[in-house]
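FYI, the numbering just counts along the sequence from 1. Predicted model only: the values in this text are computed from it and were never measured.
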Amino acid sequence: FLEAVEINPVVVHGGGKAITRAMEAAGLKAQFIQGQRVTDAATVGVVDQVLSREINPEVVQTLQSLGGAARGFAGTDIFTCRKLWLRDAAGAPVDIGYVGEVTAVNTAPLLDCIRQGITPVISPTARGEDGHVYNCNADVAAAMAAIALKARRLVFMSDVPGLMRDPKDPATVIPHLSVSEVPGLKATGVVDKGMIPKVDSAVAALRSGVEKVSFVDGRVPHSVLLEIFTDAGVGTEVVLDVPPIAYATNSQDFIAASLAEVGLQVTINPIEWAEWLDRVFTQADYDMTVVCHVERNDMAIYANPDYYFRY
């Protein structure tokens, strides 16, 4: 359906629970620091096997069985990374092994798939600068892919309803989250553990040009469609903060300030401005106290103390 309405999905999947089960079967104990899996040499072999050779083909096969066209990619063919170092409370470096921080995305095969109407499915591993396979956080990898592809939307799908103030109470889902609220939620523990890289990735994507980021519950049928095509959406929507509009004390100053926001410096003669307004607009024409209209090429700004929009 997404492809039918000219939305081209790119899938970066995870597999944390499957990795943990495989580690237990191999006699390895899972350990996490700041939401990141500690990955030694033995663990990274399990990670690569589970993500790229088991889960990835399963996701591709599932999409194909539902009538979609999909192609699988090992993350090592798409992502390049450097070793990720964490910092403890004192600022000292913390080594968590073969865990990578994605630094580059090979977009060529992904764009080729998109042109052919094929959904790329990517595992969250990467090739390090030393040639070694690294485990990467799937949320971070997805955000880097979205940034590199200049995607308009980034959707994180998991098995929780969204970002919740109380992780045990689905009724506490935060429907709308602005970037400025994130530090406070971290300080209070609302954003903790596995949510840290997810939320940080959302913020990074938004600041790099992605228009909107959402956290949705993959257990809900059609959750992605509901998020994209309904006003209310589902889960949690993360957006950049909208800067406040500084209203001027008079209409001509307001318009000059508005134009300055888009890089235009103008000087408006108050007398000529008033005469022009009298000729073009009357109070009977618009239910507004003052309407100001300035055109430049294909841009127009309409403004008064109660209304502000541009097209």
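A continuous path of ILVMFWY side-chain contacts below 4.5 Å connects Leu163 to Val179, so both sit in one hydrophobic cluster. No single ILVMFWY cluster, assembled from side-chain heavy atoms under 4.5 Å apart, contains both Tyr134 and Trp85. In the hydrophobic clustering of this structure, Leu240 groups with Ile174; members are Ile, Leu, Val, Met, Phe, Trp, Tyr whose side-chain heavy atoms approach within less than 4.5 Å, directly or through other members. Taking hydrophobic clusters as Ile, Leu, Val, Met, Phe, Trp and Tyr residues chained together by side-chain heavy-atom distances below 4.5 Å, Val59 does not share a cluster with Ile122.
If you take CD1 on Ile196 and OG on Ser201, they are separated by 11.5 Å, rounding to the nearest 0.5 Å.
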Next on the checklist: Run the side chain to side chain contact (heavy atoms under 4.5 Å, CB included) test on Asp200 and Lys186 for me, step by step, so that the C-alpha distance in whole Å, both residues' side-chain angles and the decisive distance to 0.1 Å come before the verdict.
Outcome noted: CA-CA 10 Å; Asp200 286 348; Lys186 285 184 176 180; 2.5 Å; yes
Checklist entry - Hey, mind stepping through Val199 and Phe215 against side chain to side chain contact (heavy atoms under 4.5 Å, CB included) and telling me if it holds? => result CA-CA 9 Å; Val199 172; Phe215 302 148; 4.0 Å; yes
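Not a single side-chain hydrogen bond (donor to acceptor under 3.5 Å, both in side chains) links Glu129 to another residue, sequence neighbours left out. Looking at residues two or more places apart in sequence or on another chain, you find a side-chain contact (heavy atoms from CB on, under 4.5 Å) between Glu181 and Leu177, Ser178. With sequence neighbours left out, the side-chain hydrogen bond (donor to acceptor under 3.5 Å, both in side chains) criterion links Asp166 to no other residue. Scored by the side-chain hydrogen bond (donor to acceptor under 3.5 Å, both in side chains) test, Thr39 finds Asn135 as partners (sequence neighbours excluded). Take Arg127 and apply the side-chain contact (heavy atoms from CB on, under 4.5 Å) test, not counting sequence neighbours, and it matches Thr76, Val133. Under the rule for a side-chain contact (heavy atoms from CB on, under 4.5 Å), the partners of Arg87 that lie at least two apart in sequence or sit in another chain are Pro93. Remark: Pro161 pairs with Met164, Pro170, Val173, Asp217, Arg219 by the side-chain contact (heavy atoms from CB on, under 4.5 Å) rule, at least two apart or across chains.
Heavy atoms from other residues, nucleotides or ligands lying under 6.0 Å from CD of Gln61 number 12 at most.
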Would you tabulate the side-chain donor-acceptor contacts of residues 9-19 under 3.5 Å, counting partners in other chains and residues two or more places apart, or write 'none'?
unit_1	atom_1	unit_2	atom_2	d
His13	NE2	Asn56	ND2	3.2
Lys17	NZ	Asp159	OD2	2.6

Would you list the atom pairs, donor with acceptor, under 3.5 Å between side chains in residues 94-109 and any protein atom, with sequence neighbours excluded?
unit_1	atom_1	unit_2	atom_2	d
Asp95	OD1	Lys83	NZ	2.7
Asp95	OD1	Gly97	N	2.8
Glu101	OE1	Arg82	NE	3.4
Thr103	OG1	Thr80	O	3.2
Asn106	ND2	Asp77	O	3.4

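Sorted by first and then second residue, the pairs that involve residues 35-52 and meet salt bridge (charged side-chain N to carboxylate O under 4.0 Å, His left out), not counting sequence neighbours, are Asp48-Arg53. The salt bridge (charged side-chain N to carboxylate O under 4.0 Å, His left out) contacts involving residues 135-157 comprise Asp139-Lys198, Arg152-Glu211, Arg153-Glu227, where partners must be two or more places apart or lie in separate chains. Listed by first and then second residue, the salt bridge (charged side-chain N to carboxylate O under 4.0 Å, His left out) pairs that reach into residues 59-71 come to none, sequence neighbours excluded.
Considering all non-hydrogen atoms of both residues, Ala204 and Ile147 come closest at O-CD1, 4.0 Å.
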